[in-house]
Amino acid sequence: MKETFYITKSGTLRRKDNNIVFENSDGTEVFLKSEKMDELYLFGEIDLNTRLLNFLSQMGITLNVFNYYGYYSGSYYPRESKVSGYLLVEQVKTQIDLPRRMKIAKEIVCSAARNIYRNLRYYNKREVDLSVAMSEIEYFISKIDEMENINSLMGIEGNIRKIYYDQWTKIIKQDVEFEKRVKRPPDNMVNTLISFLNSMMYTTVLSEIYKTQLNPTVSFLHEPGNKRFSLALDIAEIFKPLIVDRMIFSMLNKKQITKSHFIDKSRGLELTDVGLKILLGEYENRLKKVLKHKGLKREVSYRYLIRLECYKLMKSVIGEKRLRRF
C-alpha cells in the first residue's frame, strides 16, 4: 500500500531523476520515495515548479496544500483517468430528484449520528454520565426519517451536534475551555483541533473520492457550491466522529496534546510546529488502523473504509443497491 508524506518545514521541492527531493532552508536534502507515495501534504512555504507537477501527475500523486495558518488551500491532482459520463449523469439525476436525494442525505446524517452516539456510549461506560445526552440524541435519530426536506434534516443534524459538543468538557480530562463550536478563527485549543483535523478529514475523503468515478462537486446533504467539493463534506460527516473526534478525546486525555502545543496569534490559537507533527503522526496512524469488515469478512484500514463508502454511494446512485446506514 502506498503512503502519505507530510512536509511541515519551508524549502524547495523538485524532481531529481525519477525521485522527489525536498531541500530545507539550510540546504539539507531529503529524498522522498516517489514509488511509495500516494499523497503529499505541504504545510510550510514550499517552492516548486511545473517539472515536479508533471512528475506528480505521471506518478499519480495528489498534492494537498495548507496555508501559513494551517488552513486547507487546495489540491493538485493528476489528470482524471477514472471518469464515467454515465455515473455523472446518474449522480446529477439523483441530486435533483428530491425523494432520491433525501434517502441518501438521511443515511449520511443517520450514520454520523450513530457514530456520535457510539462515542458517547463508550465514555458513558467509563464513569462519565452521558445518559441524558444519549437519550436526547436517540430521540433526534428517531426523527430523521420523518424529515421532508434538506433544511429540516440539517436542523436535526445541528441539534445532535450541539448536544454532542455540550458533553465534551465531561469527556475531556484536561482543563479546557469549550463552550461552543467556533470556526473562524477557532478561539481555543479544542476548536483549533477540530478545525484542523476536520480539514484533514476533508482532504482525505477528497483523495479517496478521486480514486473512484464519483464527481466530488455533486453532493446530497450539503448544497453543491462553487468553491468547494461538497461531496467530500457529505462523506466526511460520517467519519469525523469515528476518526477525528475519537482522536481528539484520546490525545487530550493522554496529554499527548496540551496547551504548550498552541500559540496565540492574531487569527486565533494556532498549533506549534511540534504540535503539528504530533497531530499528523497520530492522524496517519488512525487512518492505517484496521478493523474487521463484516461484509467483506476481512480486515480493512479506516482509509479504505472511506473508499468503500464511496463505492456504496456509487451503487446507490445507479440504483444497484440502496445506501445503508454505516
Side-chain angles (χ1 to χ4, degrees), residues 4 38-42 53 56-57 60-67 71-112 147 149-151 153-154 157-158 183-184 195-240 243-244 287 303-323 326:
T4 301
D38 182 41
E39 290 179 273
L40 181 58
Y41 282 75
L42 304 184
L53 294 177
L56 294 178
S57 292
I61 298 168
T62 300
L63 180 70
N64 298 306
V65 180
F66 285 68
N67 67 16
Y71 294 111
Y72 173 67
S73 294
S75 299
Y76 173 82
Y77 71 98
R79 180 172 60 85
E80 289 191 60
S81 57
K82 294 183 177 179
V83 295
S84 168
Y86 169 70
L87 181 63
L88 175 59
V89 170
E90 292 301 317
Q91 200 175 334
V92 173
K93 284 165 63 178
T94 304
Q95 204 282 337
I96 61 178
D97 183 332
L98 183 60
R100 290 182 64 192
R101 179 185 174 183
M102 284 296 293
K103 282 183 182 178
I104 292 175
K106 286 177 180 177
E107 297 302 321
I108 292 170
V109 172
C110 192
S111 296
M147 298 301 105
N149 56 60
I150 294 295
N151 284 340
L153 190 59
M154 291 292 275
E157 191 268 345
K183 298 181 181 178
R184 291 181 182 275
S195 293
F196 177 74
L197 290 172
N198 280 353
S199 294
M200 293 298 296
M201 191 79 256
Y202 171 83
T203 54
T204 300
V205 171
L206 185 58
S207 294
E208 295 306 310
I209 291 174
Y210 284 146
K211 294 167 186 170
T212 73
Q213 294 172 322
L214 286 169
N215 186 298
T217 65
V218 182
S219 53
F220 306 97
L221 177 61
H222 296 85
E223 292 296 339
N226 293 325
K227 297 181 179 179
R228 60 184 187 175
F229 296 111
S230 45
L231 185 61
L233 295 175
D234 281 4
I235 298 174
E237 289 293 335
I238 299 171
F239 292 94
K240 284 191 292 188
I243 298 174
V244 170
L287 291 179
R303 177 184 284 277
Y304 191 63
L305 199 60
I306 297 170
R307 201 184 315 170
L308 289 176
E309 199 64 21
C310 295
Y311 290 146
K312 284 166 59 180
L313 182 57
M314 286 171 58
K315 290 183 177 180
S316 176
V317 165
I318 62 177
E320 185 177 315
K321 191 174 183 180
R322 181 183 171 184
L323 185 67
F326 184 84

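Numbers for residues simply follow the sequence, beginning at 1.
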So, for [X] and [Y], which heavy atoms are closest and what is the spacing to 0.1 Å?
X	Y	result
Ser316	Arg100	O-NH2, 4.3 Å
Ser219	Gln95	O-CG, 2.8 Å
Pro216	Leu206	CB-CD1, 3.8 Å

Do Ser57 and Tyr76 have side-chain atoms, one donor and one acceptor, less than 3.5 Å apart?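 Note: Ser57 and Tyr76 side chains meet the donor-acceptor criterion.
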Consider only side-chain N and O atoms of Asn64 and Ser75, and report whether a donor and an acceptor are under 3.5 Å apart.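 The criterion, which ignores hydrogens and geometry beyond distance, is satisfied for Ser75 and Asn64.
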Test Thr203 against Tyr41 for side-chain hydrogen bond (donor to acceptor under 3.5 Å, both in side chains), laying out the working first. CA-CA 10 Å; Thr203 54; Tyr41 282 75; 3.0 Å; yes
Leu197: what forms a side chain to side chain contact (heavy atoms under 4.5 Å, CB included) with it, not counting sequence neighbours?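 Counting only residues at least two positions away or on another chain, Leu197 forms a side chain to side chain contact (heavy atoms under 4.5 Å, CB included) with Val244, Met247, Ile248, Leu279, Tyr283.
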Sequence-distant partners of Arg307, salt bridge (Lys or Arg N to Asp or Glu O under 4.0 Å), two or more places apart: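 Partners of Arg307 by the salt bridge (Lys or Arg N to Asp or Glu O under 4.0 Å) criterion, ordered by chain and then number, come out as Glu208.
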Phe229 side chain near Ile209 side chain, heavy-atom distance below 4.5 Å: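 No, too far: nothing below the 4.5 Å cut-off.
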Evaluate the side-chain proximity of His222 to Met154: yes if any heavy-atom separation is below 4.5 Å, no if none is.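 The answer is yes, as the side chains (C-beta and beyond) meet within the 4.5 Å cut-off.
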Hey, which of Leu313, Val218, Thr217 is the one that makes side chain to side chain contact (heavy atoms under 4.5 Å, CB included) with Leu231?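 Of Leu313, Val218, Thr217, side chain to side chain contact (heavy atoms under 4.5 Å, CB included) with Leu231 is met by Leu313 alone.
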Nearest-0.5 Å distance that lies between atom [atom1] in [X] and atom [atom2] in [Y]:
X	Y	atom1	atom2	value
Lys106	Ile150	NZ	CD1	9.0 Å
Asn215	Glu90	CG	CD	14.0 Å
Met102	Met147	CE	CE	8.0 Å
Ile238	Met201	CD1	CE	10.5 Å
Tyr202	Arg228	OH	CZ	8.5 Å
Ile235	Ser111	CD1	OG	11.0 Å

Check the pair Met200 / Leu287 against side-chain contact (heavy atoms from CB on, under 4.5 Å), numbers first and verdict last. CA-CA 11 Å; Met200 293 298 296; Leu287 291 179; over 6 Å; no
So, the side chain of Asp234 versus the backbone of Ala105: is there a donor-acceptor pair under 3.5 Å, distance only?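 Looks like no, no N/O pair under 3.5 Å.
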Do Arg101 side-chain atoms and Phe220 backbone N/O form a donor-acceptor pair below 3.5 Å?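 Checked: pair present.
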Go through the steps for Glu39 and Arg303 under the test salt bridge (charged side-chain N to carboxylate O under 4.0 Å, His left out), then give the verdict. CA-CA 13 Å; Glu39 290 179 273; Arg303 177 184 284 277; 2.8 Å; yes
According to the interplanar angle, ranging from 0 to 90°, do the rings of Phe196 and Phe66 count as parallel (below 30°), tilted (30 to 60°) or perpendicular (above 60°)?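 The arrangement is tilted - the two ring planes meet at 30° to 60°.
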